[in-house]
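Notes for the one structure printed next.
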2 protein chains.
Amino acid sequence: MGEVNEPRSECPINAAIEAFGDRWSLIVLRDIVFGDRRYFRELQANSIEGIASNILADRLKRLVKSGLLTREDTRPGQRARYSLTEPAIQLVPVFAQLGSWGLRHRPTSSALRVRAVLLEQGGPALWQEFMDELRREHLGSKLPARSPSVRERLNAAYLAATNSS
Amino acid sequence: MGEVNEPRSECPINAAIEAFGDRWSLIVLRDIVFGDRRYFRELQANSIEGIASNILADRLKRLVKSGLLTREDTRPGQRARYSLTEPAIQLVPVFAQLGSWGLRHRPTSSALRVRAVLLEQGGPALWQEFMDELRREHLGSKLPARSPSVRERLNAAYLAATNSS
DNA sequence: GACGAGTGGTTGCAAATCACAAGCGGAAGG
DNA sequence: CCTTCCGCTTGTGATTTGCAACCACTCGTC
């Protein structure tokens with residue numbers, strides 16, 4: 001990916017594409033945001049698309065460099081936790097719209113569809129709540145938490161769908 | 001791009017990425033949606049990112065095959081018009097969110113930013129109006145038109161920004 | 001203090017894709 | 001005819017992808 005160079009244009013849509021418009025960046029971010037994966041091995045082992053380790057390493061490095069993730073700095077050989085930054089947290093509405101689109105126009109499994117349905121039904125209010133939750137988990141925000149959390153609700157719906165199908 | 005094969009997963013977000021998650025597909029669609037380009041040469045000549053003709057040809061072909069565009073069928077050597085399909089028109093909210101993100105988190109030129117700002121301010125109601133407009137232009141919908149059209153408003157704002165800067 | 005499991009990666013390689021420039025066959029107008 | 005416009009196609013080298021194997025390091029256990 002050539003996004004290391006200067007941007008092709010100064011269009012905001014193009015800027016977004018250059019930041020995460022490839023076949024893997026959004027997949028990695030999706031797994032961190034919705035799947036709560038924080039470590040390299042977690043991301044690789046649980047990837048439903050089966051990401052290769054070199055691609056994962058490359059994307060994580062690039063996302064850190066471009067300000068979408070931060071990496072806990074550890075000595076080599078130790079677990080390093082990745083955290084979302086505020087720009088990455090603000091991708092939640094993008095994920096919601098992508099999910100709504102995929103839901104409508106492509107065949108998807110009923111289990112994996114559930115999260116997108118809920119996110120669509122909840123609308124911007126739910127997205128905001130989820131973003132606040134991510135700020136708490138990833139940025140140490142002290143905003144008051146609600147129970148059950150959005151992620152708990154999303155996962156409960158996902159599990160219900162996998163069992164009933 | 002390997003999107004011709006079977007999908008990597010049945011996740012709606014992944015489905016969206018496989019449909020248009022590369023460095024050029026959304027750029028082409030953006031120019032058709034917001035720039036009102038309908039012909040190959042228009043798309044190539046006016047591309048601010050400078051798309052190469054083989055890439056453009058490949059993307060158009062793929063977008064037609066995947067149901068996002070239709071191509072007027074003409075004899076070779078004649079102008080062929082491309083039209084958006086309903087799934088492509090429903091990308092408007094995706095574009096709006098991508099624009100909002102790029103606006104906030106990446107440097108963009110004030111002129112090119114204007115459309116994204118307007119789309120954000122207008123919200124879902126404006127998106128719907130714009131989608132109806134696209135249905136009229138691309139699908140022959142007979143829904144009543146409003147004046148001035150959303151595109152006229154977006155372009156007027158864009159021109160005002162280019163002159164004042 | 002050697003061992004084995006777990007950590008986050010790197011390396012090599014073949015295949016696919018990208019980006020750039022040039023050229024091509026048909027159609028339309030004069 | 002000749003020119004211009006039309007949608008591409010064809011080379012070419014450079015980059016990226018996907019796959020599998022391998023690596024250096026740390027930590028807990030014996």
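Every chain is numbered from 1, with letters handed out A, B, ... down the list of sequences.
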(message) Just the rounded figure in Å: distance from P of C:dG8 to CG of A:L60.
(response) 10 Å

(request) Mark up nucleotides 19-30 of chain C, 5' to 3', with B wherever a protein heavy atom is under 4.0 angstrom from a base atom, S wherever such an atom reaches only the sugar-phosphate, and - elsewhere. (result) BB-B---BSS--

(request) In whole angstrom, give the distance that lies between atom CG of A:D22 and atom P of D:dT15. (result) 18 Å

(message) Whether A:R71 contacts C:dG9 is assessed here as follows: a side-chain N or O lying under 4.0 Å from the phosphate OP1 or OP2. Is that the case?
(response) yes

(request) For A:R30, enumerate each residue passing the salt bridge (charged side-chain N to carboxylate O under 4.0 Å, His left out) test, keeping only those at least two apart in sequence or located in another chain. (result) A:E49

(request) Go through the side-chain N and O atoms of A:Q128 and A:D132 and say whether any donor and acceptor fall under 3.5 Å apart. (result) no

(request) Find the distance A:L43:CG to C:dG6:P and express it as a whole number of Å. (result) 18 Å

(message) Which residues pass the side-chain contact (heavy atoms from CB on, under 4.5 Å) test with A:H138, not counting sequence neighbours?
(response) A:I32, A:R38, A:S83, A:L84, A:L134

(request) Would you mind telling me which of B:R151, B:R81, B:R37 makes a salt bridge (Lys or Arg N to Asp or Glu O under 4.0 Å) with B:E137? (result) B:R151

(request) May I have the distance from B:R79 (atom CZ) to D:dT4 (atom C1'), rounded to whole angstrom? (result) 13 Å

(message) If you compare all heavy atoms of B:R8 against all heavy atoms of B:N14, which two are closest, and at what distance to 0.1 Å?
(response) NH2-OD1, 2.9 Å

(message) I need the CG-P distance between B:L56 and C:dC18, as an integer number of Å.
(response) 13 Å

(message) Expressed as a whole number of angstroms, how long is the span from A:D58:CG to D:dG18:P?
(response) 11 Å

(message) Without decimals, in angstroms, what is the distance between A:R62 CZ and C:dG9 P?
(response) 15 Å

(message) Tell me the interatomic distance from B:E49, atom CD, to C:dC18, atom P, rounded to whole angstroms.
(response) 16 Å

(request) Give a yes/no on whether any side-chain N or O of A:Y82 is located under 4.0 angstrom from OP1 or OP2 of C:dG9. (result) yes

(request) Examine B:Y82 together with B:F40 and report whether their ring centres are nearer than 6.0 Å. (result) no

